[in-house]
Amino acid sequence: MTRIVRSLFSLCALSLATFLSSTPALSQAAAASPSAFTPTHRPLEFGVLAQGGVGLTEDRNDFSFLMLGGQAGKVLTSDIGPGLLHGNFEYGIQVFPFWQSYTPTIQRRTCTAPGACSAPYKTGGAYTGISITPILLRWNFTGSGHRKLVPWAQGGGGMIWTNHKYPGIGGPPYNEVNDGPAANTSVWNFTPQFGVGLHYFLSPQRSVDFGANAIHISSASLGDKNPGVNASIQFSVGYTWWK
């Protein structure tokens with residue numbers, strides 16, 4: 001599955017290179033058409049996107065992620081601010097009905113009492129779930145001087161539900177603290193995050209979007225254990241309709 005994630009990274013890079021330096025006809029069309037942003041217009045956006053990445057910390061660098069979904073947003077302010085910080089504030093949401101995390105397979109035992117433990121069995125592996133980020137606060141930098149390319153920065157928070165308690169825990173080494181009846185994580189995890197990205201406008205109503213997000217995954221101790229994923233980097237590529 002790491003190969004899938006790498007393929008997504010390659011797709012992001014290839015798409016960006018294609019849309020920034022493709023045919024003269026595309027470049028001329030891009031130069032002739034303004035973006036969706038004007039000093040007073042507060043557009044709506046609806047889009048689809050694919051996202052994938054890997055864990056960054058030493059104990060999670062063999063975790064990978066892949067997700068497909070959509071997003072929506074509404075610009076809430078007119079353009080404000082000085083110089084390169086000139087821009088507008090947008091509120092958005094993201095939903096990934098397809099969310100997967102690929103983790104190493106590990107062994108675990110279930111202990112019902114001191115010294116009374118089951119034989120080892122497999123846990124970990126692939127997890128499937130649904131991710132929703134209902135709070136996504138974005139600043140669009142419309143004062144960059146290049147109307148076709150609009151950078152943005154965002155912060156947000158959401159949650160993930162998985163079909164099994166995530167992430168898996170176990171051994172070896174085995175011990176009754178890690179494998180006992182109170183040693184569980186949760187099917188619910190939270191995702192505080194921060195990201196940067198870029199809109200490339202094909203027309204005032206269409207853009208191709210690229211992003212890089214740092215995402216923390218934690219159950220907030222809803223389970224007895226909260227190993228989580230302290231840091232992951234996830235890249236996205238999407239297509240957006242503006243109104």
Check [X] against [Y] and note the closest heavy-atom contact, atom names and distance.
X: F210; Y: V237; answer: CE2-CG2, 3.9 Å
X: T133; Y: G157; answer: CG2-O, 3.4 Å
X: S78; Y: R42; answer: OG-NH2, 3.3 Å
X: P104; Y: D62; answer: CG-OD2, 3.1 Å
X: F46; Y: K243; answer: CE1-CD, 4.5 Å
X: H86; Y: G81; answer: ND1-O, 2.7 Å

Legend entry - Other residues, nucleotides, ligands: >12 heavy atoms within 6.0 Å of K74 NZ: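 Count over threshold, so yes.
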Inset, instruction - Answer yes if the ring centres of W188 and F190 are under 6.0 angstrom apart, and no otherwise. - result: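 Distance test on ring centres: not under 6.0 Å, no.
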Inset, instruction - Decide side chain to side chain contact (heavy atoms under 4.5 Å, CB included) for F63 and N61; before the verdict, give the C-alpha distance in whole Å, the side-chain angles of both, and the deciding distance to 0.1 Å. - result: CA-CA 5 Å; F63 280 41; N61 57 16; over 6 Å; no
With a 3.5 Å cut-off and no angle check, do the side chains of [X] and [Y] form a donor-acceptor pair?
X: N140; Y: T142; value: no
X: N226; Y: S219; value: yes
X: S207; Y: W242; value: yes
X: D209; Y: T240; value: yes
X: Y166; Y: T185; value: no

Inset, instruction - Output, in order, the C-alpha distance, side-chain angles, deciding distance and verdict of side chain to side chain contact (heavy atoms under 4.5 Å, CB included) for Y91 and L137. - result: CA-CA 5 Å; Y91 180 88; L137 309 177; 3.6 Å; yes
Taking C-beta and beyond as the side chain, do [X] and [Y] meet within less than 4.5 Å on heavy atoms?
X: I80; Y: N88; answer: no
X: Y200; Y: L149; answer: yes
X: H216; Y: N230; answer: yes
X: K165; Y: S186; answer: no
X: L202; Y: Y239; answer: yes
X: L44; Y: W241; answer: no
X: I130; Y: F98; answer: no
X: Q94; Y: M67; answer: no

How long is the span from the [atom1] atom in [X] to the [atom2] atom in [Y], to the nearest 0.5 Å?
X: T105; Y: Q107; atom1: OG1; atom2: CD; result: 8.5 Å
X: T191; Y: W99; atom1: OG1; atom2: CH2; result: 9.5 Å
X: W139; Y: T77; atom1: CH2; atom2: OG1; result: 5.0 Å
X: R138; Y: L136; atom1: CZ; atom2: CG; result: 5.5 Å
X: S232; Y: I215; atom1: OG; atom2: CD1; result: 5.0 Å
X: F65; Y: S131; atom1: CZ; atom2: OG; result: 11.0 Å

Determine whether a donor-acceptor pair (N or O, by modelled atom type, separation under 3.5 Å) exists between the side chain of [X] and the backbone of [Y].
X: T103; Y: G125; value: yes
X: T123; Y: G168; value: no
X: Q205; Y: S203; value: no

Hydrophobic cluster membership, [X] vs [Y], 4.5 Å side-chain cutoff:
X: I217; Y: V95; answer: no
X: L85; Y: W152; answer: no
X: F141; Y: F89; answer: yes

Legend entry - Test salt bridge (Lys or Arg N to Asp or Glu O under 4.0 Å) applied to R206 and E45, step by step: CA-CA 9 Å; R206 303 286 187 272; E45 66 159 300; over 6 Å; no
Inset, instruction - List in chain and number order the residues that pass salt bridge (Lys or Arg N to Asp or Glu O under 4.0 Å) with E90, two or more places apart in sequence or in another chain; answer none if no residue qualifies. - result: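 For E90, no residue satisfies salt bridge (Lys or Arg N to Asp or Glu O under 4.0 Å) once neighbours in sequence are set aside.
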Inset, instruction - Before giving the answer on side chain to side chain contact (heavy atoms under 4.5 Å, CB included), spell out for I132 and M159 the whole-Å C-alpha distance, their side-chain angles and the decisive distance to 0.1 Å. - result: CA-CA 6 Å; I132 180 170; M159 63 187 67; 3.8 Å; yes
Legend entry - Full working for side chain to side chain contact (heavy atoms under 4.5 Å, CB included) between F235 and Q51: CA-CA 5 Å; F235 298 93; Q51 184 165 299; over 6 Å; no
